[in-house]
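Okay, so here's the structure we're looking at.
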Amino acid sequence: MSRFSRKVVLVTGGASGIGAAIAARLSSEGAAVAIGDLDLEAAEALAAGLPSRCVGIRLDVADPNSVAAGLAALERRLGPLDVLVNNAASCTDATLAELSEEQWARDLEVTLGGPFRCAKAALATMAPRRSGVICNIGSVNAFQFLGNEAYSAAKGGLVSLTQAIAVRYGPTGIRCNLIAPGTVATPAWDARLARQPDLFEQLSGIYPLGRVGTPEDIAAAAAFLCSDEARWITGAVLAVDGGLLAGRPGLADDIAGTDRSP
Ligand SMILES: NC(=O)c1ccc[n+]([C@@H]2O[C@H](COP(=O)([O-])OP(=O)(O)OC[C@H]3O[C@@H](n4cnc5c(N)ncnc54)[C@H](O)[C@@H]3O)[C@@H](O)[C@H]2O)c1
């Protein structure tokens, strides 16, 4: 399959977890991928092992100068950008009462501000060519309270930003969609897993499909939304969440007092 041959892609936060899986998937389908990350060493190491022409780029999505420099470096090395995957995020582990102004600002600045400034820079080059795709990596946290207040508020805002880009730039031939993952086994969970090694087994019970997700589950959806097969899809939210937002196994029977398990 080479749905992305001759396409130039930027994956922000692409050196780890979901971003790394998206970079690998799009590279396997022929894309030239720039892996933009705070961790340049990890981004370059990942890029070197991918099958297509890929580069690591130092990128801090919270810093407008870094975004401008990163986009310029990408265009110089790979050519004009066709696909932007806004994947980098910041998630402070603090409740509302604990959250400092700085933590709130940081989660908003990276998780919502990052996609804003990367999209703005990307659209400036996509719009004149009347073509381009943006895929925002959101979260189920935008739709249901699951903790991490600042991060979740930012992901809620990202849904609105997705719709704004889709509607403003649709007439220009540019699409923008959002994937809302449920729990995905990535290094983001490492500290928590060290404290609670059976965490994913415990969480599996709240997922209709009986397991947490893999980065590849998300990458498959991102590849579809970024490809021409999704050419009439824009402004959409695609939950890739093992059914979490649809409901909880057993909850309906508990509420209705029935037991109709198949
Ligand atoms: N893992 C999950 O359970 C889960 C669930 C829902 C949504 N998501 C979303 O998926 C995306 C990726 O999460 P993950 O679990 O793969 O995370 P991860 O921690 O494995 O990787 C995140 C990457 O982003 C980079 N990064 C962090 N801040 C950055 C910045 N300011 N600029 C550039 N790069 C930066 C990190 O260096 C790292 O390489 C995030 O948007 C996250 O909110 C993850």
Side-chain angles (χ1 to χ4, degrees), residues 10-25 34-47 56-71 73-74 84-93 105-118 121 134-144 146-148 150-159 161-162 178-193 199-200 203-204 206-207 211-219 221-222 237-242 244-245:
L10 170 62
V11 182
T12 72
S16 171
I18 290 170
I22 294 172
R25 174 70 190 245
I35 297 162
D37 206 287
L38 285 177
D39 187 342
L40 177 60
E41 209 177 312
E44 284 181 333
L46 178 65
I57 284 179
R58 207 202 108 73
L59 182 71
D60 179 359
V61 301
D63 174 0
N65 294 326
S66 174
V67 170
L71 268 283
L74 175 150
L84 167 66
V85 181
N86 277 316
N87 168 76
S90 166
C91 184
T92 302
D93 188 15
R106 178 71 188 166
D107 276 10
L108 268 286
E109 209 48 82
V110 177
T111 309
L112 181 55
F116 151 69
R117 59 183 69 82
C118 290
I134 297 175
C135 179
N136 292 326
I137 305 302
S139 171
V140 288
N141 287 40
F143 305 101
Q144 189 180 96
L146 295 163
N148 305 105
Y151 165 85
S152 301
K155 292 294 191 184
L158 192 53
V159 175
L161 181 65
T162 300
L178 180 139
I179 292 174
T183 307
V184 180
T186 72
W189 289 93
D190 282 355
R192 183 77 194 285
L193 279 172
L199 174 68
F200 290 152
L203 289 180
S204 294
I206 64 171
Y207 281 88
R211 66 170 175 86
V212 303
T214 66
E216 291 72 27
D217 292 329
I218 310 304
V237 169
L238 179 58
V240 183
D241 68 344
L244 183 75
L245 291 178

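FYI, the numbering just counts along the sequence from 1. As the structure lists them, so they are numbered: ligands from 1, and atoms in each ligand from 1.
The protein residues lying under 4.0 angstrom from ligand 1, judged by non-hydrogen atoms, are G13, A15, S16, G17, I18, D37, L38, L59, D60, V61, N87, A88, A89, R106, V110, I137, G138, S139, Y151, K155, P181, G182, T183, V184, T186, P187, A188, W189.
The closest side-chain heavy-atom distance from L59 to V67 is below 4.5 Å. Between Y151 and T92, every side-chain heavy-atom pair lies at or beyond the 4.5 Å cut-off. Using a 4.5 Å heavy-atom cutoff, the side chains of V212 and W189 are not in contact. The closest side-chain heavy-atom distance from L46 to E41 is not below 4.5 Å.
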Pair R211, D217 - check salt bridge (Lys or Arg N to Asp or Glu O under 4.0 Å), show working.
CA-CA 12 Å; R211 66 170 175 86; D217 292 329; 2.8 Å; yes

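Paired with L10 under the rule side chain to side chain contact (heavy atoms under 4.5 Å, CB included), one option of I35, L71, V85, I57 passes, and it is L71.
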